[in-house]
Amino acid sequence: MTSQTKSADLARTTEMLSGAAMVIRALADEGVEYLYGYPGGAVLHIYDALFQQNKVKHVLVRHEQAATHMADAYARASGKAGVVLVTSGPGATNAVTGIATAYMDSIPMVVLTGQVMSHLIGGDAFQETDMLGISRPICKHNMSVRRPEDIPLLIKKAFHIAQSGRPGPVVLDIPKDMTMPDQKFPYHYPSDVSLRSYQPKQQGHAGQIKKAVTALLAAKKPVLYAGGGAILGKASAELTELAQLLNLPVTNTLMGLGAYPADDKQFIGMLGMHGSYEANQTMHHADLILAVGARFDDRVTNNTKKFCPDATIIHIDIDPASISKTVNAHIPIVGLVQPVLADMLALLKQKKKKLDAAALTQWWQQIEHWRNVHGGRYDTETPLLKPQYVIEQVSKITKGEAYVCSDVGQHQMFAAQYYKFNQPNRWINSGGLGTMGFGLPAAMGVKLNYPDADVVCVTGEGSIQMNIQELSTCKQYGLGVKIINLNNGYLGMVKQWQDMNYESRYASSYMDSLPDFVKLAEAYGHVGIRVTKPEELQPALERAFALKDQLVFLDIHIDPKEHVYPMQVPGGAMNDMFLSKTERT
Amino acid sequence: MRHIISVLLENESGALARLVGLFAQRGYNIDSLNVAPTDDATLSRLTLVTHGNDQVIEQISKQLHKLIEVVKVSDISEAAHIERELMLVKVKASGNQREEVKRCADIFRGQIIDVTPTTYTIQLVGTSDKLDAFLQALGTTPIMEVVRSGASGIARGEKTLAL
Ligand SMILES: Cc1ncc(C[n+]2csc(CCOP(=O)(O)OP(=O)(O)O)c2C)c(N)n1
Ligand SMILES: [Mg+2]
């Protein structure tokens, strides 16, 4: 080990443990309560060690992908790394989608993968896959165990790397011979680890912060654009205070929903491809953009060449590589968003200056006008149930306080647009990778850790079938998740693109022979309720949320023809949008 | 624009694969790459020649920095620096051609390091441009084999890339 590791006052411990026992003990010492996984040959020693203690509890999923999403969602809700244990070969490859999902959204996770015996590596042994090679491009870092006595340090390192800087998943590959029960080594869990090659920045540069504050105070049409980094960086309070101090309009990305309270009048909605009319207009016409923990993703900017032509851009991010990657930042600030915003706030309070009041009033009048023109309206004239209406009702009955875990598709966008997220860490979705099958395991991960909270899985009949087997895990662990299946009979998001770009040629976007979801839920031992008419919705929701500890599968048949709007026009600017099937900006 | 990027890397297994993988994943060019341990056995020094516009080069350097095992990154072509590459060339050399090849090697300050009745192997050190020029200058001499190390570089003066 070449990295300098200064384990604070190395207490001489004589406790002797096997590699397998060290794995579990290190997790316990790290404060891990749940481990999500699935056993197999290469990790049986570890499972046996798990069996012989009761600090770390194991959740047995039905497919390894679900284990990764459970751990990932726990991390999204709690801010702490989730932990996964899978066997070598197929166990590890089944975890790949979940690792990539976490990586794309910068979610801290530690994935322990079994591996064949060291001497067999490279020889195409039974259930051998080069997991280090496979996972390299989809994780923040990966490592393998070469000596059992290194296990505690490697686990400490894994957590340190996963949770610091820009977070992300870390894979630790453990050959079976590193965990032999009869080979014991002295165990000591380091309280701290420091790597000479990895020293993520904390504070922002004082000079840059000063510049940013000056630019902000000079703005006439400012907007605050906050992304997932504001949530990961626990900066919601500072962000809200700063926005309210200066009366800035605030838009959140898909990943940033909840960073600023949706019910507040300064909130102008989500921005981007399916962002609100007012958010995209405000961005486009702004003269200053304060970007906080956002990465100017292509689903936000639309055509970068036409992106916000008049704006001075202040960009705060922990990852320098995210700054000026797609859109040039005029005032970059590298650092953790929370201390940077705190520094900006302190400076603003000290300066006691505000923005030009007349200009700001005018700017707000403009924004209110946009809000009134197309503020989240949808067609309410049909007798069919509208997905937007369903989400609005779910938002109401849960008072905007539920954890909403979404799958991927139209239902995801409706949930993002119509659920009122007033707190961070409550909206849990796969934004970067867009992984269908994420929703149910994610909801399970949250429900397990927050048993008293309302946990909703918003899904579609396509997505839910990608991890439907987890209904069995839900039964085993008593996970009373409420599944809102927005059943449109189509891979709706695909169908929408086919409507818009392929003259409604529905190539493989219609699923025949859907199961009876009510019976299916019952077969797994849960409650199923079918809703086909608008008037059935309210009672069904009431019943579902009253059944506190039970999983309720609400199969809600909605208008199959509905599209998600607004939708940015491909190749256009932020504010080039389709507003309905017949209107365009 | 051509850039020479020097990297100090933890001398750990997998570190090099991660670095090379980064270039493949993100579609960056690698014109040449060389790597070896340094006086500090825990560190490897890597020299990478790449090309791209300023934005791409900035991303390359930031993305390299993000790799956990990368200790330091420097674009040494941004300031005064020295660049050297080693080349071994095996050519057919018989009859009059033997004299011709030898003269050419002398002009480029190359050394003939292996001789058979029909071949010469020439060693040449210099900037990559100079090595290119030598291959050009060989003209009609049949080249049998070329081995190049890729460029190595170091900053001029007091400046160093070290811990
Ligand atoms: C694993 C995976 N495969 C394919 C896709 C592409 N995709 C995105 S949305 C979508 C349709 C989702 O259908 P459904 O779950 O019924 O949701 P709806 O759009 O109808 O609300 C598909 C196939 C994806 N995101 N993830
Ligand atoms: Mg559907």
Side-chain angles (χ1 to χ4, degrees), chain A residues 1-5 100 103 106 118 121-122 130-146 150 154 157-158 160-162 164-168 170-173 193-201 295 304 317-329 332 334, chain B residues 3 5-28 30 33 35-46 48 50 52-75 78 160-163:
Chain A
M1 194 75 18
T2 54
S3 30
Q4 292 161 341
T5 36
Y103 181 63
S106 309
S118 308
I121 291 179
D130 174 10
M131 191 52 185
L132 293 173
I134 288 177
S135 65
R136 199 173 286 131
I138 51 161
C139 67
K140 182 171 175 184
H141 193 56
N142 62 22
M143 302 177 284
S144 70
V145 180
R146 310 188 149 239
D150 293 339
L154 287 169
K157 255 174 119 173
H160 171 60
I161 293 169
S164 59
R166 179 177 180 175
V170 174
V171 174
L172 182 61
D173 206 38
V193 58
S194 156
L195 307 172
R196 67 177 174 187
S197 61
Y198 173 69
Q199 303 277 344
K201 258 190 99 148
R295 60 187 177 93
T304 50
D317 206 286
I318 185 65
D319 179 9
S322 282
I323 293 179
S324 298
K325 183 173 72 174
T326 59
V327 170
N328 188 51
V334 177
Chain B
H3 288 256
I5 295 176
S6 288
V7 181
L8 279 183
L9 188 69
E10 294 287 2
N11 193 2
E12 282 172 9
S13 77
L16 182 61
R18 207 182 309 280
L19 190 147
V20 174
L22 173 78
F23 278 72
Q25 284 149 42
R26 295 194 181 263
Y28 305 143
I30 299 184
L33 170 71
V35 56
T38 63
D39 55 324
D40 176 347
T42 68
L43 285 175
S44 298
R45 168 84 173 228
L46 189 142
L48 209 149
T50 182
N53 61 30
D54 289 354
Q55 202 205 348
V56 170
I57 299 297
E58 187 183 322
Q59 267 297 312
I60 289 178
S61 141
K62 286 172 168 179
Q63 293 291 352
L64 282 170
H65 253 301
K66 256 175 90 167
L67 299 179
I68 304 293
E69 294 117 331
V70 166
V71 186
K72 285 201 167 158
V73 180
S74 169
D75 181 350
E78 276 190 333
T160 59
L161 183 69
L163 275 190

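Protein chains get the first letters and strands the later ones, always in sequence-line order, with residue 1 at the start of each. Since the structure is predicted, the reported quantities are computational estimates derived from the model, not experimental observations.
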Under a 3.5 Å distance rule, please check whether Gln55(B) uses its side chain to pair with a backbone N or O of Lys325(A) as donor and acceptor. yes
Tell me, out of Asp319(A), Leu132(A), Ile161(A), Asn328(A), who's got the most heavy-atom pairs with chain B below 4.5 Å. Asp319(A)
For atom CG of Asp54(B), is the number of surrounding heavy atoms from other residues, nucleotides or ligands below 6.0 Å larger than 12? no
So among Lys72(B), His65(B), Glu10(B), Glu12(B), which one has a side chain to side chain contact (heavy atoms under 4.5 Å, CB included) with Ser197(A)? Glu10(B)
Top residue by heavy-atom pair count (under 4.5 Å) with chain A, among Leu22(B), Val70(B), Val71(B), Ile68(B)? Ile68(B)
Got Glu69(B) and His141(A) here, is their nearest side-chain heavy-atom distance under 4.5 Å? yes
Mark yes or no for whether Arg18(B), through its side chain, and Asn142(A), through its backbone, hold a donor-acceptor pair below 3.5 Å. yes
Given 3.5 Å as the limit, does a donor-acceptor pair link the side chain of Gln59(B) with the main chain of Ala321(A), or not? yes
Tell me the closest heavy-atom pair linking Ser13(B) and Arg146(A), and the distance in Å. OG-NH2, 3.1 Å
Could you list the residues that satisfy side chain to side chain donor-acceptor pair (under 3.5 Å) with Thr304(A), not counting sequence neighbours? none
Partners meeting side chain to side chain donor-acceptor pair (under 3.5 Å) with Ser144(A) (sequence neighbours left out): none
Spacing of Leu8(B) atom CG and Arg196(A) atom CZ [to the nearest 0.5 Å]: 9.0 Å
State, with a plain yes or no, whether a side-chain heavy atom of Gln25(B) is found less than 4.5 Å away from one of Ile138(A). no
For the residue pair Lys66(B) and Lys140(A), establish whether any side-chain heavy-atom pair is separated by less than 4.5 Å. no
